[in-house]
Amino acid sequence: MQLDIPYHLENFIGGNFIGPLSGQFIDNINPATGAVFAQIPNSNEKDVDIAVQAAKKVQHSWAATSLEQRFLILNKIAALIDENSEVLAQAETKDNGKPLWLSRKVDIYRAAANFRFFATGIMHFASESHASENKYINYTLRQPIGIVGCISPWNLPLYLFTWKIAPALAAGNCVIAKPSEVTPVTAFLLGKIAREAGLPDGVLNIVHGEGATCGEAIVKHPGIKAISFTGSTRAGAQIASIAAPVFKKLSLELGGKNPNIIFADCDWEKMLKTTLQSSFSNQGQICLCGSRILIEASVYEKFKKKFVEKTKALKTGDPMQPENQQGAIVSKIHFEKIMHAIQLAKDEGGKLLCGGNSINPGGDFANGYFIEPTVIEGLGPGCKTNTDEIFGPVVTLQAFNNVEEALELANATQYGLACSIWTSNISKANNVASRIEAGIVWINCWLQRDLRTPFGGIKNSGIGREGGWEALKFFTEAKNVCIEY
Ligand code: NAD
C-alpha cells in the first residue's frame with residue numbers, strides 16, 4: 001500500500017477521508033525546521049457528530065463480530081504498521097522532531113505491538129463466575145460500552161494513540177479518536193492502514209483539531225459513553241469537569257514530575273547510562289522521564305561530575321541524522337515554555353551546571369526549536385522548578401542522607417506517576433517502592449514495559465489504569481447475572 005502525506009490531511013469518518021465541514025485548516029509544522037509542511041482539519045462539534053453518526057450505524061455489528069474476526073483485523077493492522085514502519089517513522093520524526101532512530105525503535109515498533117497485544121488479548125479475556133451458597137451462581141458479562149472517545153498527546157504520537165484505540169476496538173467498541181493537533185500525521189496514516197486491513201467503515205473514526213474545540217466536542221457528545229485521555233493535568237481536570245456530571249466513564253493519564261532515586265550502593269555504570277536516558281530521551285518529553293534526580297549525599301559530587309560530563313557530550317541537531325541523540329522540541333509554544341522554566345529556575349536561585357540555552361544548528365535547521373540538555377542544582381523541594389512539570393530536557397539534582405529523606409523529597413509533589421530506584425540492596429528498594437507515591441516503580445531499570453502490567457498514576461497524575469486486562473475492563477461494562485438453581 002502507498003502511504004502518501006497530502007498537504008491537506010483529512011478526517012477519517014465512516015471509512016472515508018473528508019475535509020472539515022467548516023473548510024478551515026490549521027498549520028502543521030516541522031519543529032526541526034520551523035516550516036509548515038501540511039495542514040490539518042480544524043474540526044468542531046459538527047465533524048464529531050457525523051463521526052458519531054457513522055459509528056452508530058456499525059456499533060452493534062462490530063460488537064457482535066466474533067473475537068477471532070476482531071483478532072484477525074487488528075493483527076492485520078499490526079502487520080501493516082510493521083510493513084510500513086519506515087514511512088511511519090520518517091513521518092513521526094518530521095512531525096514531532098524526535099530522532100529517527102527513536103521513532104523506529106520505540107514509537108512505530110510499539111504502535112504495532114499495541115495492536116498485536118490487544119488482538120491476541122481479546123481472545124483470552126475471560127469474565128468471572130461466582131458460585132454462592134450452593135444455590136446461586138453469578139456470572140459476569142463484560143460487554144462493549146458502545147462508542148468511546150480516545151484523545152492522545154504529541155509526545156509519543158502513534159504509540160499512545162494506538163495504546164488506547166487497540167483495546168477499545170478489541171473489546172468491541174466503535175471509536176472516535178483525536179490525535180494531538182501538534183502531531184497528527186501518523187494518526188492520519190493509521191486511518192489508511194485500518195481501511196486496508198479490512199476494519200469495517202465507521203468502527204474507527206479519526207477526527208483532527210484543537211483540544212478546546214474538537215477535543216471538548218468529543219468529551220461533551222452524548223453519544224460517546226467513555227473517554228480515555230492522555231495529556232496534561234490541566235486538560236484532564238477540564239475533561240473531568242465536563243464528563244463527571246454526566247457520569248461518563250473516564251480514564252485519565254496525566255502529567256508527572258518523577259523522582260529518580262540513586263543510592264550510593266547501586267551498580268554505578270548501569271545507573272549512569274540509564275539516568276542519562278531517563279533524563280533526556282525524546283528531549284525529556286516522556287511522561288515517565290525522571291526529572292528530579294535525588295542522590296545519596298556521599299556520592300553527590302561524584303555523580304554530578306560524571307553526569308554533567310555525559311550530558312555535555314550529547315549531540316543535538318537534525319533528528320534524521322543517526323549521530324544526534326537529541327532532536328527538536330515539539331513546537332514553538334512548548335520551546336518557549338521550557339525556556340521560561342529555565343529562566344524561572346535561575347530566578348529561584350538554581351545553579352545551571354550545563355545547558356540552559358537554545359541551540360541553532362544552522363542551515364535548514366536555523367529556525368528549528370532546539371534546547372541544550374540542562375542540569376540544575378541548588379533548588380529545594382518547594383521551588384516551582386521542583387514541583388511543576390517542565391516536560392523538556394531539564395533535570396534538577398538534590399541530595400539526601402537516608403531513606404526517610406529520600407522518600408520525603410520523592411513524595412514532595414502533587415504528581416504520582418513513576419519513580420526509579422537505584423540500589424543493590426533489594427530490601428531497601430522494596431521498602432522505598434512500597435512507600436513511594438507513584439503508580440509505576442522501576443528498580444535498577446527504567447522504561448521496561450510489559451504490556452500486561454497496570455499503567456497509570458496517582459494524585460494529579462491521573463485516574464485509572466491502562467494496559468493488559470485493566471484496559472479491556474475499562475473498555476467494557478461489567479454486568480452481573482445471578483441465577484438460582
Ligand atoms: P494536552 O493536555 O495539551 O493535550 C493532549 C490532548 O488533549 C491533545 O489531543 C489536545 O488537543 C487534547 N485536549 C487539550 N485540551 C482539551 C480539552 N479541554 N478537552 C479535550 N481535549 C483536549 O497535553 P500535551 O501537551 O499534548 O501533552 C503533554 C502532556 O501529556 C504532559 O503533561 C505529559 O506528562 C502528559 N502525558 C502523560 C502520559 C501518561 O501516560 N500519564 C503520557 C504522555 C504524556
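As the structure lists them, so they are numbered: ligands from 1, and atoms in each ligand from 1. Computed from a prediction, not measured in an experiment: that's the story for all the values here.
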Taking only distance into account, with no hydrogens and no angle test, what donor-acceptor pairs under 3.5 Å do side-chain atoms of residues 16-25 form with protein atoms, sequence neighbours excluded?
from: S22; atom 1: OG; to: Q24; atom 2: N; distance (Å): 3.1

Atom pairs, nitrogen or oxygen, ligand 1 to protein, under 3.5 angstrom:
from: ligand 1; atom 1: 2 (O); to: S232; atom 2: N; distance (Å): 2.8
from: ligand 1; atom 1: 2 (O); to: S232; atom 2: OG; distance (Å): 2.6
from: ligand 1; atom 1: 9 (O); to: S152; atom 2: O; distance (Å): 2.8
from: ligand 1; atom 1: 9 (O); to: K178; atom 2: NZ; distance (Å): 3.1
from: ligand 1; atom 1: 11 (O); to: K178; atom 2: NZ; distance (Å): 2.8
from: ligand 1; atom 1: 11 (O); to: E181; atom 2: OE1; distance (Å): 2.6
from: ligand 1; atom 1: 11 (O); to: G211; atom 2: N; distance (Å): 3.3
from: ligand 1; atom 1: 18 (N); to: E216; atom 2: OE2; distance (Å): 3.2
from: ligand 1; atom 1: 23 (O); to: S232; atom 2: N; distance (Å): 3.4
from: ligand 1; atom 1: 25 (O); to: W154; atom 2: NE1; distance (Å): 2.8
from: ligand 1; atom 1: 26 (O); to: W154; atom 2: NE1; distance (Å): 3.2
from: ligand 1; atom 1: 30 (O); to: G231; atom 2: O; distance (Å): 3.3
from: ligand 1; atom 1: 32 (O); to: E389; atom 2: OE1; distance (Å): 2.6
from: ligand 1; atom 1: 34 (O); to: E389; atom 2: OE2; distance (Å): 2.5
from: ligand 1; atom 1: 41 (N); to: L254; atom 2: N; distance (Å): 3.3
from: ligand 1; atom 1: 41 (N); to: L254; atom 2: O; distance (Å): 2.7

* Is it the case that more than 12 heavy atoms not belonging to K337 sit under 6.0 Å from its NZ atom? -> yes

* To do: Return the orientation label for the F455 and W163 ring planes: parallel under 30°, perpendicular over 60°, tilted otherwise.
  => perpendicular

* Asked: Would a 4.5 Å heavy-atom cut-off, applied to side chains only, mark F118 and R70 as touching?
  ->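 They are not in contact (no side-chain heavy atoms under 4.5 Å apart), so the answer is no.
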
* To do: Identify the heavy atoms of G327 and Q283 that sit nearest to each other, and give their distance.
  => N-OE1, 2.8 Å

* Apply salt bridge (charged side-chain N to carboxylate O under 4.0 Å, His left out) to K220 and E45, showing your working. => CA-CA 9 Å; K220 284 180 180 156; E45 71 280 1; over 6 Å; no

